[in-house]
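As structure tokens, the structure follows; a few thoughts come after it.
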Amino acid sequence: MLDLAWLILVFPALGALINLFVGDRLKERGIHFVASGAVVLSFVVSLGLFLGLSGLDEHHRTATVHLWDWITIGSFRAPAALLIDPLSVTMALIVTGVGALIHIYAGGYMHGEQNYQRFFVYLNFFILAMLVLILSNNFVGMFVGWEGVGLASYLLIGFYFDRHDESYGHYADAGKKAFLVNRIGDFGMMLAVFLIWTGVGSVVFEEVSQGSGALATGTATAICLLLLLAATGKSAQLPLFVWLPDAMAGPTPVSALIHAATMVTAGIYMVARTHFLWDLAPLAGSLAAWVGGVTALLAASIALTQVDLKKILAYSTISQLGYMMLGVGVGAYAFAIFHLVTHAFFKALLFLAAGNVMHGLPDGELDIRKMGNLRAKMPSTYRLFVIGALALAGVPPLSGFLSKDGILLHVANHNILLYLVGLFTALLTAFYSFRAVFLTFCGEARDQHIHEHAHESPAVMTRPLWVLAVLAVVGGALNLPVLLTMEHYLEAAVGKPAFHPSLPMELVLLAVSAIVALAGVGLAYGRYLKSSNSSVGRLSAGITGLVRPLEPIARNKWYVDEIYAAWIVGPLLGLSNWFTHVVDQGVVDGAVNLVGQANLSLGGALRKVHNGLVPTYALSLFCGVVALLLWFVIGA
């Protein structure tokens with residue numbers, strides 16, 4: 001099966017090319033079939049690789065498939081080769097599996113769109129770029145995929161580039177914002193690769209792993225800090241998370257693809273892939289853990305105050321990515337990837353369910369303040385959204401509970417303060433998840449016009465969601481000790497964890513997490529469904545009142561965008577204006593204009609000599625002869 005691994009890349013590439021060149025001759029059904037079929041075929045190949053690796057022992061689960069010699073300059077070598085191991089195959093399964101479901105869903109969601117063909121070309125290209133990123137066996141190939149998903153995200157986020165509204169502003173600006181913010185992280189990635197080549201003499205992962213022991217602690221720390229900068233850009237961590245909420249300007253299938261299965265997981269994957277470097281730099285790991293913990297808490301607090309359904313889910317994604325970064329920061333690489341997998345299930349489910357709500361309401365309404373009692377009009381979407389919300393909230397035994405709390409177990413051993421941050425964030429997560437459920441689907445309809453025109457989405461948009469719903473429910477079983485746990489399966493790629501919690505500790509902390517999740521759901525129930533005069537309502541109002549002073553700040557997203565605008569964007573614009581008006585127009589243009597004016601003045605003076613009069617020419621000849629005589633006399 002290893003000999004066919006290259007087909008994982010070929011199928012989405014062919015899908016994009018076929019739709020690009022002959023898609024205009026195909027109808028919507030044909031374009032959708034080609035694009036979705038390409039990703040399904042990649043999933044089949046990935047599944048075959050997974051089954052093949054699962055049957056091998058731990059020491060034989062890594063292989064390299066060499067395609068061709070790509071770059072060879074002196075001692076520098078970057079082959080075009082695929083690294084097939086448990087980590088890359090797990091990621092390929094998620095990208096192609098969840099990606100295929102999103103492709104199928106998008107066929108119904110994008111029905112009738114003017115640029116239907118262009119959309120699916122971009123979508124296949126996105127899948128291809130992500131697969132290049134995760135399957136390449138070296139940093140240069142990874143960087144090609146890294147930049148590819150950046151380009152694809154720009155194209156898809158700005159898909160409706162000619163639209164504008166109050167919530168997202170100019171849609172094209174959202175794509176540019178994502179592209180520019182990610183360039184900051186990409187700069188860190190490039191510098192890290194340069195340092196790795198300088199220190200180890202190779203960019204191939206296996207060779208860097210073998211030679212990393214020769215790196216000084218300071219060099220390893222510098223490399224990891226630069227990689228952390230790259231990860232904060234792609235995986236939307238503090239302080240570079242600002243692009244992700246604006247990415248909601250793209251079509252909902254794009255939001256699901258970016259947030260669940262592809263781009264935002266790239267930073268987490270990259271840290272797990274380079275775990276051998278992070279093991280040498282505990283300071284960088286601790287910083288990554290704190291970045292993840294603070295990001296998770298900050299984003300969860302913002303999600304509490306949002307009224308746009310997709311933006312609630314966007315900040316939820318940032319928060320859950322914070323958990324993943326927290327996991328890799330404390331060395332729980334396998335559990336971070338496990339949470340990445342389960343998050344792909346329930347977050348894709350939630351985004352696509354939100355797409356059903358948007359599709360079923362007049363003018364694509366997303367303001368939850370105008371909704372209410374939609375479960376009467378959208379029963380399937382309601383059930384699907386509740387399943388996703390339960391998994392996101394970490395309610396046992398759904399997948400989000402087992403994966404997230406596996407991270408918290410390791411964090412508790414590493415730093416108790418970070419554990420408390422993660423636990424409090426879990427409470428907020430459960431609260432805002434069911435705030436969205438209750439305000440959207442329960443209670444009384446708050447806008448009769450919207451409620452009267454609401455309708456359920458067609459089967460092509462609900463059936464893929466039921467597959468995701470089943471995975472969101474049973475996905476936690478991937479790490480149960482039945483046959484082969486994901487934690488053990490990934491050890492060949494990310495190493496064995498340094499910490500194994502005792503059974504009593506594990507049971508106690510799992511019980512605490514379950515109680516916290518249920519408490520969050522209960523608080524949301526008391527706050528949004530029960531009467532304020534009831535005991536549950538009064539309790540919920542009292543607890544939520546404690547953090548109410550922070551609500552205006554959280555509603556304004558902690559003013560991060562405003563801080564950037566005042567401290568970074570504004571000064572840079574002022575500096576660029578100064579260069580434009582003073583340096584460029586005043587100095588450069590002034591110097592060029594001065595030279596031109598001087599030539600014109602000199603030419604005007606010389607033109608007076610050439611007046612066509614014989615006496616003037618005779619005088620000129622006389623002056624020339626006198627000058628020559630003086631030259632010879634003085635020279636003699």
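These numbers were taken from a predicted model, which means no experiment stands behind them.
Ser319 contributes no side-chain N or O that, together with a main-chain N or O of Ala299, makes up a donor-acceptor pair within less than 3.5 Å. Of the possible donor and acceptor atoms, none in the side chain of Ser36 sits under 3.5 Å from a partner among the backbone N and O of Phe33. In this structure a side-chain-to-backbone donor-acceptor pair under 3.5 Å is missing from Tyr160 to Ala249. Remark: side-chain polar atoms of Arg446 are paired, donor with acceptor, to backbone N or O of Leu439 under 3.5 angstrom. Gln117 places a side-chain N or O within 3.5 Å of a backbone atom of Asn19 that can act as its donor or acceptor partner. At distances below 3.5 Å, at least one donor-acceptor pair connects side-chain atoms of Ser46 with backbone N or O atoms of Ser42.
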The test is side-chain contact (heavy atoms from CB on, under 4.5 Å); show your working for Met91 and Leu133 and say whether it passes. CA-CA 10 Å; Met91 290 293 297; Leu133 189 158; over 6 Å; no
Go through the steps for Ser235 and Met324 under the test side-chain contact (heavy atoms from CB on, under 4.5 Å), then give the verdict. CA-CA 10 Å; Ser235 293; Met324 297 175 211; over 6 Å; no
Let me see the working for Leu93 and Phe43 under side-chain contact (heavy atoms from CB on, under 4.5 Å), right down to the final yes or no. CA-CA 6 Å; Leu93 280 172; Phe43 173 74; 3.7 Å; yes
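Closest approach of Leu123 and Val254 over heavy atoms only: CD1-CG2, 4.5 Å.
Taking NZ from Lys234 and CG from Leu240, the interatomic distance works out to 11.0 Å, rounded to the nearest 0.5 Å. Between His111 atom NE2 and His32 atom NE2 the span is 12.0 Å, to the nearest 0.5 Å. In this structure, Trp243 CH2 and Asp246 CG are separated by 10.5 Å, a value rounded to the nearest 0.5 Å. Remark: Thr440 OG1 to Leu309 CG distance equals 5.0 Å, nearest 0.5 Å. One finds the CG atom of Asp447 at 9.5 Å from the CG atom of Leu361 (value rounded to the nearest 0.5 Å). Rounding to the nearest 0.5 angstrom, the gap separating the OG1 atom in Thr381 from the CG atom in Leu465 is 7.5 Å.
Checked against the 6.0 Å centroid threshold, Tyr489 and Phe50 count as a close aromatic pair. You'll find the ring centres of Phe159 and Phe119 inside the 6.0 Å limit.
For the side chain to side chain contact (heavy atoms under 4.5 Å, CB included) test with Asn356, the passing option among Ser380, Pro458, Ser457 is Ser457; the others fail. Residue Ile18 forms a side chain to side chain contact (heavy atoms under 4.5 Å, CB included) with just one option from Asn124, Ile31, Val34, and that option is Val34.
Taking the side chain as every heavy atom from C-beta outward, Phe338 and Thr90 never approach each other to under 4.5 Å. Inter-residue side-chain proximity for Val98 and Phe345 is flagged as met; some heavy-atom pair is nearer than 4.5 Å. Gln320 is listed as a side-chain neighbour of Thr429, based on a closest heavy-atom distance under 4.5 Å. Residues Asp308 and Met248 form no side-chain contact, since every pair of their non-hydrogen atoms from C-beta on lies 4.5 Å or further apart. Side-chain atoms of Leu82 and Ile8, non-hydrogen and from C-beta on, never get closer than 4.5 Å to each other. Side-chain contact between Val144 and Ser136 is absent, with no heavy atoms from C-beta onward closer than 4.5 Å. Taking 4.5 Å as the limit, some side-chain heavy atom of Met358 sits within range of a side-chain heavy atom of Thr252. Proximity of Arg435 to Ile368: side-chain heavy atoms (C-beta onward) are separated by under 4.5 Å at one or more points.
Aromatic ring orientation, Phe385 versus Phe441: tilted (interplanar angle from 30° to 60°). Relative ring orientation between His359 and Tyr109 is described as tilted, the plane-to-plane angle lying within the 30° to 60° band. The aromatic rings of Tyr528 and Phe431 sit tilted, their planes meeting at an angle between 30° and 60°.
Around CZ of Arg369, the count of heavy atoms belonging to other residues, nucleotides or ligands within 6.0 Å does not exceed 12. Heavy-atom neighbours of Tyr116 OH from other residues, nucleotides or ligands within 6.0 Å: above the threshold of 12.
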Please output the side-chain donor-acceptor pairs of residues 395-403 that fall under 3.5 Å, not counting sequence neighbours, one pair per line with the distance.
| unit_1 | atom_1 | unit_2 | atom_2 | d |
| --- | --- | --- | --- | --- |
| Ser399 | OG | Ala472 | O | 2.7 |
| Ser403 | OG | His339 | ND1 | 2.8 |
| Ser403 | OG | Thr342 | OG1 | 2.7 |
| Ser403 | OG | Ser399 | O | 3.2 |

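Cation-pi geometry between Arg183 and Phe179 is satisfied (NZ or CZ under 6.0 Å from the ring centre, within 45° of the ring normal).
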